[in-house]
**Q** 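Dropping the structure in here first, questions after.
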Amino acid sequence: MQSTKASRRKWLLAGGAALIVVAAGAAAALAWHKSSPPVPAEPVVVLGDGVTTPGGMAWIPPGSFQMGSDSKLAQANEKPAHAVSVKGFWMDVTHVTNDEFAEFVRQTGYVTTAEQKPDWETIRVQLPPGIPKPPDDVLVPGAMVFVGTSGPVDLRDYSQWWRYVPGADWRHPQGPGSTIEGKGDHPVVQVSYEDVQAYAKWAGKRLPTEAEWEYAARGGLEQATYVWGDELSPDGKPMANYWDSKQQGTFPVVSPKAGGAEGTVPAKTFPPNGYGLYDMTGNAWQWVADWYGADYFSKQAKATTPIVDPQGPAQAFDPSDPGVPLDAPKRVIRGGSFLCNESYCLSYRPSARRGSDPYSPMSHVGFRLVKDAAAPTAQVAAHTAK
């Protein structure tokens with residue numbers, strides 16, 4: 001899929017004219033518990049006040065749910081649905097925005113992955129064995145950018161609509177000529193997993209596990225197709241930012257008149273889910289903590305004891321990239337993006353999942369964080385729920 005295969009670490013074309021990529025530690029397993037946390041009551045929105053509870057975050061109560069999906073829309077890596085329990089936690093109400101990331105950079109002087117010269121050793125592990133190191137003048141700072149096509153193409157060849165663009169970074173998501181000016185409230189993109197970890201440490205938060213992310217995304221709706229229910233556009237209203245073929249045409253064809261793909265939209269453009277979280281699907285993919293295992297759900301479903309707070313597999317496993325090592329490092333991304341569409345990806349669903357190179361920033365991947373802090377008091381919960 002475009003979000004996982006298009007990694008800037010993939011193919012380095014011989015001849016050294018350009019770097020073109022065509023593909024997008026041991027997990028600490030928590031102890032098994034004899035009993036799972038209770039299934040929470042009807043979801044209630046409880047927002048932190050920034051004083052006694054974390055500001056800009058929503059409380060996600062402990063509970064159990066069916067993780068994954070057996071829906072006809074589900075891909076093999078989402079199956080089967082299986083019972084999982086998680087503890088309570090706080091989660092960012094929105095993606096981390098451009099303004100928030102800019103403040104982090106201002107205070108720390110942090111330089112993102114896309115702004116640094118690519119390291120051959122981190123690229124090499126994502127490539128088929130035997131690929132020679134390219135000339136140094138090819139290894140220039142940049143990132144993967146969706147460029148689209150001028151007409152219908154074979155959807156099996158994702159290199160037709162992705163390019164490694166020198167100079168692309170979080171300030172210039174589509175390359176040197178682009179800008180985030182006036183988009184401070186949009187999700188920050190072109191951030192690698194490594195960049196996200198640096199931001200999380202600075203913010204005193206962490207990435208959610210895959211289980212925490214899906215539990216929160218569902219907002220109390222057990223096995224619903226979308227985070228808002230089972231109907232894509234209830235009463236004809238759009239509920240997320242994805243590639244709507246009725247409005248945008250055939251994927252991945254971009255309209256020169258419209259200036260290309262629609263791109264991200266401001267946070268809180270669409271209604272929140274049952275826990276008060278915005279854009280849990282659509283807009284921009286979100287990094288989560290786990291290594292990506294294509295077969296992880298099928299293995300989890302065989303467990304004979306309750307699955308509580310799963311931390312993901314001990315290493316990555318992805319057989320979908322021919323010629324690439326099956327255990328090439330990949331972290332999970334969740335939620336889909338403005339590029340997901342009905343004819344190709346359908347990843348604007350809470351169970352959809354992909355793996356992506358942790359060192360590869362992309363123009364449709366962002367993040368949100370969680371925080372381990374005390375649960376809200378009954379008084380706070382009652383007040384914010386009003």
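Note that the coordinates shown come from a computational prediction; the quantities given were computed from them, not determined experimentally.
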**Q** Run Glu78 and Ser351 through side-chain hydrogen bond (donor to acceptor under 3.5 Å, both in side chains) and show every step you take.
**A** CA-CA 6 Å; Glu78 303 171 43; Ser351 59; 2.7 Å; yes
**Q** Do Arg171 and Val105 make a side-chain contact, defined as non-hydrogen atoms from C-beta onward lying under 4.5 Å apart?
**A**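 SC-SC contact between Arg171 and Val105 confirmed.
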**Q** Are Phe270 and Leu232 linked, directly or through intermediate hydrophobic residues, by side-chain heavy-atom contacts shorter than 4.5 Å (ILVMFWY only)?
**A**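 Different clusters: Leu232 never reaches Phe270 through Ile, Leu, Val, Met, Phe, Trp or Tyr contacts under 4.5 Å.
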**Q** For Tyr292 and Pro313, which heavy atoms make the closest approach, and how far apart are they?
**A**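 So the minimum-distance heavy-atom pair works out to C-CG, 4.4 Å.
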**Q** Are Arg354 and Lys330 close enough that some pair of their side-chain heavy atoms sits under 4.5 Å apart?
**A**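 Contact flag for Arg354/Lys330 side chains = no.
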**Q** Any side-chain to backbone donor/acceptor pair from Arg331 onto Val288? Under 3.5 Å, distance only.
**A**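 Checked: no pair found.
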**Q** Can you confirm whether Tyr226 sits close enough to Thr281 that some side-chain heavy atom of one is under 4.5 Å from a side-chain heavy atom of the other?
**A**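 Counting from C-beta outward, Tyr226 and Thr281 never come under 4.5 Å.
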**Q** Okay, side chain of Gln190, backbone of Pro173: is any donor-acceptor separation there less than 3.5 Å?
**A**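 Side chain of Gln190 to backbone of Pro173: a pair is present.
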**Q** Distance check, rounded to the nearest 0.5 Å: His95 atom NE2 versus Leu369 atom CG?
**A**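 Spacing of NE2 (His95) from CG (Leu369) equals 11.0 Å.
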**Q** Under 3.5 Å, is there a donor-acceptor pair linking the side chains of Asp290 and Thr209?
**A**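 Result is no, nothing qualifies.
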**Q** Taking a hydrophobic cluster as the set of Ile, Leu, Val, Met, Phe, Trp and Tyr residues connected by side-chain heavy atoms closer than 4.5 Å, whether directly or through intermediates, do Trp202 and Tyr193 fall within one such cluster?
**A**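 Looking at the clustering, Tyr193 is in the same group as Trp202.
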**Q** Is any side-chain heavy atom of Gln286 closer than 4.5 Å to a side-chain heavy atom of Met280?
**A**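 Yes, their side chains come closer than 4.5 Å.
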**Q** Donor-acceptor check, side chain of Trp90 to backbone of Ala374, threshold 3.5 angstrom: yes or no?
**A**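 Between the backbone of Ala374 and the side chain of Trp90 there is a qualifying donor-acceptor contact (under 3.5 Å).
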**Q** Please name the pair of heavy atoms, one in Pro358 and one in Ser192, separated by the smallest distance, quoted to 0.1 Å.
**A**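 Heavy-atom minimum between the residues: O-CB, 3.3 Å.
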**Q** Using side chain to side chain contact (heavy atoms under 4.5 Å, CB included), reason through Leu139 and Ile123 one step at a time and then give a plain yes or no.
**A** CA-CA 10 Å; Leu139 298 174; Ile123 296 172; 3.9 Å; yes
**Q** Relative to each other, are the rings of Tyr110 and Phe104 parallel, tilted or perpendicular (30° and 60° limits)?
**A**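 If you compare the ring of Tyr110 with that of Phe104, the planes turn out tilted.
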**Q** For a quick test of reading the model, state the closest non-hydrogen atom pair linking Ser337 to Trp285 and the distance between them.
**A**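 Distance-wise, the nearest heavy atoms are CB-CD1, 3.5 Å.
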**Q** Dump the intermediate steps for side chain to side chain contact (heavy atoms under 4.5 Å, CB included) on Val188 and Asn98, then the final yes or no.
**A** CA-CA 5 Å; Val188 65; Asn98 286 317; 3.6 Å; yes
**Q** Determine the sole option in Thr269, Thr264, Asn283, Thr97 for which the side-chain hydrogen bond (donor to acceptor under 3.5 Å, both in side chains) test with His186 is passed.
**A**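 Exactly one pass, corresponding to Thr264.
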**Q** Can you tell me how far CG of Leu221 sits from OH of Tyr275, rounded to the nearest 0.5 angstrom?
**A**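 With rounding to 0.5 Å, OH (Tyr275) is 9.0 Å from CG (Leu221).
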**Q** Return the orientation label for the Trp243 and Phe146 ring planes: parallel under 30°, perpendicular over 60°, tilted otherwise.
**A**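 Taking Phe146 first and then Trp243, their aromatic rings stand perpendicular (interplane angle over 60°).
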**Q** Roughly how far, to the nearest 0.5 Å, is CE of Met362 from CH2 of Trp162?
**A**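 The CH2 atom of Trp162 sits 4.0 Å away from the CE atom of Met362.
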**Q** For residues Val365 and Ser356, determine if any side-chain heavy atom of one lies less than 4.5 Å from a side-chain heavy atom of the other.
**A**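 No, every pair of side-chain atoms sits at 4.5 Å or beyond.
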**Q** Does Gln223 reach the main-chain N or O of Gln66 with its side chain, forming a donor-acceptor pair under 3.5 Å?
**A**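 Looks like yes, one N/O pair under 3.5 Å.
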**Q** Please check this pair: side chain of Asp49 against backbone of Val51, looking for a donor-acceptor N/O pair closer than 3.5 Å.
**A**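 Present.
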**Q** Any salt bridge between Glu214 and Arg218, counting N to O under 4.0 Å?
**A**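 Looking at Arg218 together with Glu214, the answer is yes, because their closest N to O distance falls below 4.0 Å.
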**Q** Give, for atom CD of Glu212 and atom CG of Leu207, the distance between the pair rounded to the nearest 0.5 Å.
**A**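 So the gap between those two atoms works out to 10.0 Å.
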**Q** Same hydrophobic cluster for Tyr296 and Val332, using side-chain heavy-atom links shorter than 4.5 Å among ILVMFWY?
**A**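 Tyr296 and Val332: one cluster.
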**Q** Considering residues, nucleotides and ligands other than Glu181, do more than 12 of their heavy atoms fall under 6.0 Å from its CD?
**A**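 No, CD of Glu181 has 12 or fewer neighbouring heavy atoms, counting only those of other groups under 6.0 Å.
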**Q** Can you see which heavy atom on Val191 is nearest to which on Phe101, and at what distance?
**A**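 For Val191 and Phe101, the tightest heavy-atom pair comes out as CG1-CZ, 3.8 Å.
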**Q** Is there a side-chain contact between Tyr199 and Glu100 in this structure, where contact means two heavy atoms from C-beta onward sitting under 4.5 Å apart?
**A**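 Yes, at least one pair of side-chain atoms sits under 4.5 Å.
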**Q** Report yes or no: is the cationic atom of Arg353 (NZ for Lys, CZ for Arg) under 6.0 Å from the centre of the six-membered ring of Phe297, at an angle within 45° of the ring normal?
**A**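 Yes, a cation-pi geometry holds between Arg353 and Phe297.
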**Q** Given Gln75 and Leu346, is the side chain to side chain contact (heavy atoms under 4.5 Å, CB included) satisfied, shown in steps?
**A** CA-CA 10 Å; Gln75 297 190 24; Leu346 262 180; 5.8 Å; no
**Q** Can you measure from CH2 (Trp291) to CG (Asp318) and round to the nearest 0.5 angstrom?
**A**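 Atom-to-atom, Trp291:CH2 and Asp318:CG are 13.0 Å apart.
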**Q** Check whether the side chains of Arg349 and Ser69 place a donor and an acceptor atom closer than 3.5 Å, and report yes or no.
**A**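 Per modelled atom types, Arg349 and Ser69 side chains form no pair under 3.5 Å.
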**Q** Which heavy atom of Ala224 sits nearest to which heavy atom of Pro350, and what is that distance?
**A**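 Smallest heavy-atom distance, with atoms named: O-CG, 4.0 Å.
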**Q** In terms of side-chain heavy atoms, does Thr112 have a donor or acceptor partner in Asp195 at a distance below 3.5 Å?
**A**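 Note: Thr112 and Asp195 side chains miss the donor-acceptor criterion.
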**Q** Answer whether the closest heavy-atom distance between the side chains of Lys205 and Met57 falls below 4.5 Å.
**A**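 Heavy-atom side-chain distance check passes, below 4.5 Å.
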**Q** For Pro329 and Val125, which heavy atoms make the closest approach, and how far apart are they?
**A**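 Where Pro329 meets Val125 most closely, the heavy atoms are CD-CG2, 3.9 Å.
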**Q** How many angstroms lie between CG in Asn241 and CZ in Phe338, if you round to the nearest 0.5 Å?
**A**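 If I round to the nearest 0.5 Å, the distance is 8.0 Å.
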**Q** Measuring only between side-chain heavy atoms, which start at C-beta, is Met91 closer than 4.5 Å to Tyr215?
**A**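 Not in contact.
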**Q** So does Gly312 get a backbone contact from the side chain of Glu210, meaning a donor-acceptor N/O pair under 3.5 Å?
**A**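 Here the side-chain-to-backbone pair does not exist.
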